[in-house]
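This report concerns only the one structure given below.
Numbered from 1 within each chain, the chains take letters A, B, ... in sequence-line order.
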Amino acid sequence: MSNLPIEASGLVRRFGTFVAVDHVDLAVEPGEVFGFLGPNGAGKSTTVRMLTTLLTPSEGSARVAGFDVVRDAAKVRRAIGVALQDAAIDPLMTGNELLRLQATLQGIPRAAAASRGAELLERVGLTAAADKRVKAYSGGMRRRLDLALALIHQPRVLFLDEPTTGLDPTSRIALWEEVRYLNRGLGTTVLLTTQYLEEADQLAGRIAIIDGGRIVREGRPAELKAQVGSPTLRVEVEANGEQDKAAAVLAGFGEARPAADGVLAVGLDGGAASMADVVRALDDVGITVASMELHTPTLDDVFADATGRRLEGAAGDGDGDDGAG
Amino acid sequence: MAASTLAQTVALSRRSVVNIWRQPQVWVPSLLFPLLFAALNSAALGKVPGQLADRFGIHPFGPNDRFVDFLFVATLTQGVLFGSLSGGSELAQDIESGFFDRLVTTPVARASILVGRLAGSAALGAVQALVFIGIFFAFGARVAGGAAGALVLPVAAALLALAIGGLACAMAIRTGSVEAVQGAFPLLFITLFVSSAFFPTVLMKGWYRAVATHNPLTYMIDGMRHQVLYGFDAGQAARAVLVPGALAALAIGLCLVTLRSRLASR
């Protein structure tokens with residue numbers, strides 16, 4: 001193995017007979033934001049927990065910041081910053097107290113900890129709330145404090161496990177800005193898990209899509225979308241009984257794609273230019289179209305192409321943090 | 001212990017103490033309920049020592065036949081037992097909330113996490129003892145052993161707090177459940193009542209007396225009580241301190257083994 005910030009080879013984690021992570025390989029480059037995208041229960045959090053030394057792999061190996069996560073776990077812990085799912089922060093303590101505690105646990109001298117803590121609080125916009133107990137913080141404030149805690153020792157590698165889950169759009173965008181600053185401004189390598197397509201698209205230079213514990217696609221977002229190929233045309237017909245007839249017509253324009261119930265989807269081989277031909281063809285066989293939408297490929301299309309299912313709209317489903325997330 | 005390990009342990013201990021202080025619902029009941037119980041007991045049985053002395057010429061409640069002096073150590077022990085569970089509950093809460101994982105992903109020594117948490121229990125136990133001493137003194141109780149005898153009480157209380165806190169922490173690490181730790185409350189209650197805490201063993205009979213006589217709490221309570229009722233005695237003081245000390249050592253050992261096993265089995 002080389003000295004990449006994060007690398008994993010054949011990583012497996014079983015819980016009894018259930019395989020949560022199934023032979024995952026990773027190679028994250030220095031200074032990269034790497035997105036780990038997948039639905040709840042896909043294996044994202046379990047992978048992060050192995051990489052952050054919280055779980056022992058059942059099989060395979062992984063190195064973080066150049067250290068083996070099992071043999072050199074203590075060295076890994078010194079090199080990483082971790083903000084786990086649900087922002088686990090003691091609600092009885094203040095932001096300042098938690099930063100001081102975290103600094104001490106990271107072995108930072110008191111004077112350095114004070115200035116670093118103040119700087120971080122300012123950067124995440126929590127200076128005014130620094131002496132308030134965390135139980136009075138909003139979800140967004142907790143996430144920002146969580147991020148500040150993960151950064152107190154200026155880690156080389158930062159793990160963010162679903163950092164914006166449950167946040168309002170404004171807080172989400174503010175956190176994205178902070179991640180961008182960390183990566184572009186400070187060169188921190190970031191591994192980010194998310195179930196939000198837009199988040200992965202916005203932040204990650206490269207993405208791995210994980211489903212059922214396996215990485216099903218990996219690459220730059222633009223490359224992955226391009227691999228899906230042609231844009232998807234989604235058609236709803238007015239009469240339910242005409243769906244089969246419409247599907248037969250659409251088959252002449254490209255391959256059928258997964259879609260929600262009542263909707264027909266086809267990858268348009270001729271691109272957007274062939275839309276008019278589709279409308280004419282449907283009209284020629286007497287089918288009345290209720291709605292028609294053309295989608296250029298998104299990460300959801302990439303996910304659907306890889307798994308046969310849609311990720312969009314599934315964010316609230318699933319098993320939550322069951323150890324297999 | 002390296003300087004940073006010491007600093008980490010102190011920082012975690014401070015957090016533990018501050019957290020307890022900021023949750024009056026944790027420490028107020030362990031102060032109030034034993035006092036309430038003492039008041040009820042005193043009202044119901046306050047005349048018993050004098051009557052036993054008058055009718056039978058025996059003094060199982062101490063040479064001065066004062067029930068308040070006898071109850072003093074029982075109340076203190078009761079408060080410490082119940083308050084000490086909080087250390088385990090707090091640790092289970094940390095595990096449930098994920099804060100424990102945050103600690104484990106830092107380079108902190110694993111033992112520091114435990115010691116920090118147990119320090120809160122020990123501090124609460126010692127403070128409880130001092131508060132009870134103050135309140136019982138206000139109600140006329142006296143420590144026959146003077147300052148030396150009185151000193152035995154918070155030391156024994158702190159060690160008992162460590163022992164119970166250690167067991168509660170081991171349970172927290174094993175189960176990761178606040179409810180499971182709090183479920184130990186009735187067990188502590190029974191253990192306390194089947195001891196010499198509220199009644200002298202010489203007045204008990206049958207299996208109850210046999211169990212109470214061999215209950216480790218009885219050894220500790222009798223050692224503490226000797227300082228209050230009869231005067232300072234080094235042997236009794238050692239008994240008051242060594243019994244909870246040994247229990248604390250066992251509990252902390254169990255705690256460390258449980259923690260190692262939990263982290264290894266992940």
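- For A:Lys75 (side chain) and A:Gly66 (main-chain N/O), no donor-acceptor pair under 3.5 Å exists by modelled atom type.
- Contacts of B:Arg117 classified as salt bridge (charged side-chain N to carboxylate O under 4.0 Å, His left out), with partners at least two apart in sequence or in another chain: B:Asp94.
- Judged purely by distance below 3.5 Å, without hydrogens or angles, the side chains of A:Thr94 and A:Asp131 never pair a donor atom with an acceptor atom.
- Not a single donor-acceptor pair under 3.5 Å links the side chain of A:Arg133 to the backbone N or O of A:Met93.
- Residues of residues 97-105 of chain A that come within less than 4.5 angstrom of chain B, heavy atom to heavy atom, are A:Glu97, A:Leu98, A:Leu101, A:Gln102, A:Thr104, A:Leu105 in numerical order.
- Chosen from B:Arg15, B:Gln93, B:Arg22, the residue pairing most often with chain A at heavy-atom distances under 4.5 Å is B:Arg22.
- Ranked by heavy-atom pairs shorter than 4.5 Å toward chain B, the options A:Val82, A:Ile80, A:Asp90, A:Thr52 are led by A:Asp90.
- Sorted by first and then second residue, the side-chain hydrogen bond (donor to acceptor under 3.5 Å, both in side chains) pairs involving residues 81-91 of chain B (not counting sequence neighbours) are B:Gln23-B:Glu90.
- Ranking B:Leu12, B:Val108, B:Leu103 against chain A, the residue ahead of the rest is B:Leu12, based on heavy-atom pairs under 4.5 Å.
- The aromatic ring centroids of B:Phe82 and B:Phe185 lie less than 6.0 Å from each other.
- Listed by chain and number, the residues in a ring pair (Phe, Tyr, Trp, His ring centres under 6.0 Å) with B:Phe37 are B:Phe193, B:Phe198 (sequence neighbours excluded).
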